[in-house]
**Student:** 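Take a look at the following structure, please.
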Amino acid sequence: MCYAIPGKIVNLNNKIAIVDYFGEKRNVLNEFENIKIGDYVYAQGGIIIDKIPEKDALEILNFWKEYFFELKKIDQKLSQQRVSQNVNTEVLQILQKVNLNQQLGKDELLKLLQISTTDTNSLNLIYTSANNVRQKELDNACCVHGIIEFSNYCKNNCFYCGIRKDRSILRYRMLPNEIIKTAEIAVKKFGFKAIVLQSGEDFWYNDENLVSIVKEIRKFNILIFLSIGVRSLETYQKLYNAGARAVLIRFETSNKNIFAKLRPQTNFQERIELIKSLKKLGYIIATGFLIGLPNETYEDIINNILLTKSFEPDMYSFGPLIPAIGTPLENVKTIDETTVLKIISITRFVDRQSKILITSSFETLSKEAKRNGLLSGGNSLMINVTPKNYAKLYEIYSNRPNIEKTIEENIKNTIELLYSLGRAPTDLGI
Ligand code: SAH
Ligand code: SF4
């Protein structure tokens, strides 16, 4: 099983290398001292994470050789714009601008979001146009990261979250060795090249613990994403030095009033400043928002997309709020799949070259949601690799998808889906 295709270094200029995947070239960051032109490497998130012997690389590339072009053909076919009759004229005008690679104004983005669920012709054109932009800009590359949810303790009480401090649930903490072992299995047995380490805001893990976990996992030559909430910049600097290179942290909502209401004892500005500072520290940023918070307007959603863009993230991560039983928002009505698909497409128009994650919360909305998301502009996925006894307890929302399935099954289903859509695990570069 391969989640990444090795590329060959064809150019090196200081820290920027050009990697070739069967003729397709990507710029990547090189932090290795001993890399030279002609070497084979794995890149993730635009960073070279591992060098691999030529013999091994050629073997893997041989496997991919025919498949790679076959997949591209499938993707090209599926991503053609399909204009049918009776498309809303304003939508047609806006999408014309998209085709000409022009930036859309806020009112145009709002207009797309306001298209009615019943106007399926316009909606389908929006989705296929977004998929077309994705294909033209990034080809069929799709990244699949593993995620380890290592603790469900949290000192916070976010109203929407099922592991909030005041919810009475069985709590767990994986010991540092267990986390490292889980990452090792994800890398060596399942082939992941990027792992997200996620938890509630749990200060049982001090800097020393976190640094040693990151250092050990970095030895597996993968990209390490942190998703541990607000910590001091000093901590994040130490973790960067230990080898972490990416942070997944959503600002959750651009609406300060909603933020203040739903995230007691946390601070909007602090979170925003943290995201900016992490970027300055050199971290790859994945950020975004929740969709469907009480009193949220369409304008808030457009502001959320634009705020995400302002951080120049590597990846957009947004998904619907799914009620968690026993939380203050347990009775909130979940946003519908169509609205989320519109948001995915609009995001693709706003930031043509970004990674847009299809989240597992979105997957809960329907059986086809994941597929539909990938066909509407999405191009990234995560697979849960948390040991099953813990994954059950990491209940940020109720009825999480695929929790009962084995990791092997989830991987198999995801890979089958990606192949059916013609997507390949090449890195997207920077
Ligand atoms: N504690 C860290 C990371 C864990 S929570 C943090 O808050 O950043 C990870 C994400 O889960 C949050 O960013 C939030 O957007 C999402 N989340 C929490 N409750 C949710 C719910 N009920 N439905 C969908 N997503 C939820
Ligand atoms: Fe804690 Fe994150 Fe849940 Fe808020 S969203 S309660 S910070 S785990």
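First listed ligand is number 1; within each ligand, the first listed atom is number 1. By convention here, the first residue in the shown sequence is residue 1.
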**Student:** Less than 3.5 Å between some nitrogen or oxygen of Arg263 and one of ligand 1, yes or no?
**Tutor:** no

**Student:** Under the ring pair (Phe, Tyr, Trp, His ring centres under 6.0 Å) rule, what do Phe150 and Tyr205 come out as? Steps first, then yes or no, please.
**Tutor:** CA-CA 10 Å; Phe150 64 90; Tyr205 301 90; 4.9 Å; yes

**Student:** Just distances here: any N/O of Tyr397 and N/O of ligand 1 closer than 3.5 Å?
**Tutor:** no

**Student:** Backbone or side chain, does any N or O of Ser361 fall under 3.5 Å from an N or O of ligand 1?
**Tutor:** no

**Student:** What are the atoms of ligand 2, with element, lying closer than 4.0 Å to any heavy atom of Gly200?
**Tutor:** 8 (S)

**Student:** Does Tyr394 come within less than 4.0 Å of ligand 1, judged by its heavy atoms?
**Tutor:** yes

**Student:** When you check the side-chain N and O atoms of Lys136 and Asn132, is any donor under 3.5 Å from an acceptor?
**Tutor:** yes

**Student:** Within the 4.0 Å heavy-atom shell around Cys154, which atoms of ligand 2 are there?
**Tutor:** 1 (Fe), 6 (S), 7 (S), 8 (S)

**Student:** For atom 21 (C) of ligand 1, what's the nearest protein heavy-atom neighbour? Residue, atom name and distance, please.
**Tutor:** Ile322 O, 3.5 Å

**Student:** Do the side-chain N and O atoms of Glu299 and Asn303 include a donor-acceptor pair separated by under 3.5 angstrom?
**Tutor:** no

**Student:** Give me the nearest non-hydrogen protein atom to atom 7 (S) of ligand 2 as residue plus atom name, then the distance to 0.1 Å.
**Tutor:** Asn156 ND2, 3.4 Å

**Student:** Any nitrogen or oxygen of Gln198, main chain or side chain, under 3.5 Å from a nitrogen or oxygen of ligand 1?
**Tutor:** no

**Student:** Suppose I only count heavy atoms of Ile396 and a 4.0 Å limit; which atoms of ligand 1 are within that range?
**Tutor:** 11 (O), 19 (N), 20 (C), 21 (C), 22 (N)

**Student:** Under 4.0 Å from any heavy atom of Ile163, which atoms of ligand 2 are there?
**Tutor:** 8 (S)

**Student:** Report yes or no: does a heavy atom of Gly319 sit under 4.0 Å from some atom of ligand 1?
**Tutor:** no

**Student:** Parallel, tilted or perpendicular, judged at 30° and 60°: which one describes the rings of His145 and Phe225?
**Tutor:** tilted

**Student:** Compute whether any side-chain donor of one residue and acceptor of the other, for Asn384 and Thr386, lie under 3.5 angstrom apart.
**Tutor:** yes

**Student:** Does Gly200 reach ligand 1, in the sense of a heavy atom lying below 4.0 Å from it?
**Tutor:** yes

**Student:** Indicate whether atom 2 (Fe) of ligand 2 is within a distance of less than 4.0 angstrom of some protein heavy atom.
**Tutor:** no

**Student:** Under a 4.0 Å threshold between the charged nitrogen and the carboxylate oxygen, would Lys111 count as salt-bridged to Glu108?
**Tutor:** no

**Student:** Out of Pro320, Ser317, Ser199, who is nearest to atom 3 (C) of ligand 1 when you count heavy atoms only?
**Tutor:** Ser199

**Student:** I'd like to check which ligand 1 atoms, numbered from 1 as shown, lie under 4.0 Å from a non-hydrogen atom of Leu290.
**Tutor:** 15 (O), 24 (C), 25 (N), 26 (C)

**Student:** Under a 3.5 Å threshold, yes or no: a donor from one side chain and an acceptor from the other, between Ser129 and Gln81?
**Tutor:** yes

**Student:** Atom 4 (Fe) of ligand 2: which protein heavy atom is closest, and how many Å away?
**Tutor:** Cys158 SG, 2.3 Å

**Student:** Using a strict 4.0 Å cut-off to heavy atoms of Ser227, name the atoms of ligand 1 that fall inside it.
**Tutor:** 3 (C)

**Student:** Does Arg231 count as lying over the ring of Phe203, i.e. NZ or CZ under 6.0 Å from the six-ring centre, within 45 degrees of the axis?
**Tutor:** yes

**Student:** I'd like the name of whichever of Glu201, Arg400, Arg250, Arg271 reaches closest to atom 6 (C) of ligand 1 through any heavy atom.
**Tutor:** Arg271

